[in-house]
Amino acid sequence: MKYIISWVLRHIPRKVIQLFAHRLLKLYSLFLTGNKVYCPVCDHSFSKFLPYGRLQPRENALCPSCLSLERHRLMHLFLKNETTFYTKKPRVLHVAPEYCFIDRFEKYLGENYITADIESPLAKVKMDLHDIPFEDNAFDVVFCNHVLEHVKDDVRCMQEIRRVLKPDGFALCQSPQRYDLETTYEDASITDPKEREIHYLQDDHLRIYGRDFGLQLEKSGFTVNSVNMIEKLGFNESTRMALPMEEIIYQCKK
């Protein structure tokens with residue numbers, strides 16, 4: 001299964017995957033009955049999660065019911081345990097919206113929930129993150145996960161997110177990181193997609209953030225609160241939900 005998923009991710013256009021993958025995987029979930037792992041996003045248990053990844057698929061990563069990955073489950077738990085997101089009904093801008101959240105957030109927030117992307121068929125608004133078409137101080141919450149590694153000018157995009165964020169709001173800007181790197185690695189001379197895949201883990205990435213990602217967000221003007229949800233939840237619960245053990249949540253505020 002992991003080799004099939006790896007091939008699909010590398011060769012099938014993302015738009016097609018976003019539109020059809022959930023239907024096939026929900027059927028496959030019927031073969032994964034059990035209670036060894038638990039997805040807090042959709043509240044379902046399974047014998048295991050599916051593998052996921054382009055070059056080296058991660059075992060036990062993808063929920064076959066809602067398509068949440070490790071980072072999505074971590075984000076959901078942060079919102080639930082550490083914020084008032086699920087009680088205050090904030091106005092939300094969700095950049096590059098993830099399938100596992102769209103219907104849930106839309107049902108909960110209604111017109112307060114705006115999805116945006118430059119190409120995703122799942123988003124309501126077509127938008128370039130370098131120039132967000134909304135007024136200053138427009139949103140209580142902005143989600144922009146696994147996007148900043150794709151954009152030409154990540155600092156400009158961070159500043160745009162900060163601009164549309166209300167003074168008392170917050171943004172979550174998660175991104176792939178290499179924790180063995182002290183600083184972010186970026187080389188403008190690397191333009192070949194195959195070379196980018198080797199250097200940055202994916203052929204459409206323009207950089208790979210190191211342990212300094214939180215500092216990069218701060219340099220754009222954010223005040224950053226770094227939260228270690230794994231420490232808060234404990235090893236056993238984190239393992240049962242297959243959370244990313246090294247990932248830190250960066251809660252960004254004005």
Side-chain angles (χ1 to χ4, degrees), residues 22 25 29 32 34-53 58-109 112-113 115 122 139-148 161 165 168-177 179 209 211 213-214 217 222-253:
H22 61 284
L25 291 180
S29 70
L32 298 174
N35 58 6
K36 189 172 182 180
V37 297
Y38 171 69
C39 176
V41 177
C42 64
D43 193 29
H44 281 75
S45 297
F46 303 94
S47 59
K48 63 179 180 179
F49 291 130
L50 294 171
Y52 189 86
R58 307 181 301 279
E59 295 288 351
N60 206 39
L62 179 69
C63 173
S65 176
C66 70
L67 273 62
S68 72
L69 291 168
E70 307 98 321
R71 65 180 184 266
H72 304 137
R73 297 189 285 275
L74 189 74
M75 172 178 150
H76 166 76
L77 291 165
F78 171 78
L79 293 173
K80 179 181 176 182
N81 296 352
E82 304 294 323
T83 76
T84 60
F85 178 84
Y86 286 116
T87 59
K88 296 290 188 180
K89 293 197 173 183
R91 188 171 190 235
V92 175
L93 174 64
H94 196 163
V95 181
E98 298 95 339
Y99 175 82
C100 63
F101 291 129
I102 293 174
D103 288 347
R104 289 171 174 82
F105 288 173
E106 195 160 56
K107 183 177 179 180
Y108 167 57
L109 296 169
N112 275 353
Y113 181 57
T115 55
L122 303 179
F139 297 96
D140 300 292
V141 177
V142 178
F143 298 134
C144 182
N145 297 316
H146 285 234
V147 174
L148 293 171
I161 294 170
L165 195 64
D168 58 347
F170 70 88
L172 296 185
C173 300
Q174 301 302 104
S175 187
Q177 288 180 260
Y179 297 95
Y209 292 103
R211 297 192 304 274
F213 182 46
L217 292 164
F222 282 119
T223 296
V224 178
N225 177 32
S226 301
V227 181
N228 189 327
M229 288 300 297
I230 304 303
E231 286 186 355
K232 291 176 176 287
L233 294 164
F235 177 80
N236 290 338
E237 278 296 284
S238 298
T239 300
R240 185 170 75 98
M241 294 183 281
L243 303 180
M245 293 298 185
E246 292 185 298
E247 186 156 340
I248 300 297
I249 292 286
Y250 299 103
Q251 186 181 28
C252 303
K253 299 183 178 182

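Quick caveat, the model's predicted, so the values are computed rather than measured.
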As a quick check of understanding, evaluate side chain to side chain contact (heavy atoms under 4.5 Å, CB included) for Val41 and Arg104, giving each step before the final call.
CA-CA 9 Å; Val41 177; Arg104 289 171 174 82; 4.1 Å; yes
Test side chain to side chain contact (heavy atoms under 4.5 Å, CB included) applied to Ile161 and Phe222, step by step:
CA-CA 10 Å; Ile161 294 170; Phe222 282 119; 3.9 Å; yes
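In this structure, Asp103 CG and Cys42 SG are separated by 12.5 Å, a value rounded to the nearest 0.5 Å. Considering SG of Cys66 and CD1 of Ile102, their distance stands at 12.0 Å, rounded to 0.5 Å. Distance check: Asp140 CG to Arg91 CZ gives 8.5 Å after rounding to the nearest 0.5 Å. Distance check: Thr239 OG1 to Lys36 NZ gives 11.0 Å after rounding to the nearest 0.5 Å. Note that SG of Cys39 and CD of Glu70 are 11.0 Å apart. Values are rounded to the nearest 0.5 Å. In this structure, the separation between OG on Ser175 and CG on Asn145 is 9.0 Å, given to the nearest 0.5 Å.
Two residues are said to be in side-chain contact when any heavy atoms from C-beta on lie closer than 4.5 Å; Leu62 and Phe49 fail this criterion. The shortest side-chain heavy-atom distance between Glu247 and Gln174 falls under the 4.5 Å cut-off. In this structure the side chain of Thr223 never reaches within 4.5 angstrom of the side chain of Asn225, judged on heavy atoms. Put simply, the side chain of Leu69 does not reach to within 4.5 Å of the side chain of Glu98, judged on heavy atoms. For the pair Leu79 and Leu172, the minimum side-chain heavy-atom distance is below 4.5 Å. Arg73 is listed as a side-chain neighbour of Cys63, based on a closest heavy-atom distance under 4.5 Å. Side-chain atoms of His76 and Cys100, non-hydrogen and from C-beta on, never get closer than 4.5 Å to each other. Side-chain atoms of Leu77 and Leu243, non-hydrogen and from C-beta on, do get closer than 4.5 Å to each other.
Among all heavy-atom pairs drawn from Val37 and Ser47, the shortest one is CG2-C, 4.3 Å. The minimum heavy-atom distance linking Val147 with Ala96 is given by the pair CG2-CB, 3.5 Å. For Leu50 against Pro64, the heavy-atom pair with the smallest separation is CD1-CB, 4.0 Å. Closest of all the heavy-atom pairs between Phe170 and Thr83 is CZ-CG2, 4.1 Å. In terms of heavy atoms, Pro97 sits closest to Leu122 at O-CD1, 4.2 Å. A pairwise comparison of heavy atoms in Asn60 and Ala242 identifies O-CB, 3.4 Å as the closest pair.
The closest side-chain donor-acceptor pair between Asp43 and Tyr38 falls under 3.5 angstrom.
Using cut-offs of 30° and 60° for the angle between ring planes, the Phe101 and His94 rings count as tilted.
Phe85 pairs by the ring-ring contact (aromatic ring centres under 6.0 Å, His included) definition with Phe105, Phe143, not counting sequence neighbours.
Of the possible donor and acceptor atoms, one in the side chain of Tyr108 sits under 3.5 Å from a partner among the backbone N and O of Lys89.
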Can you give the donor-acceptor pairs under 3.5 Å from side chains of residues 229-236 to other protein atoms, not counting sequence neighbours?
none

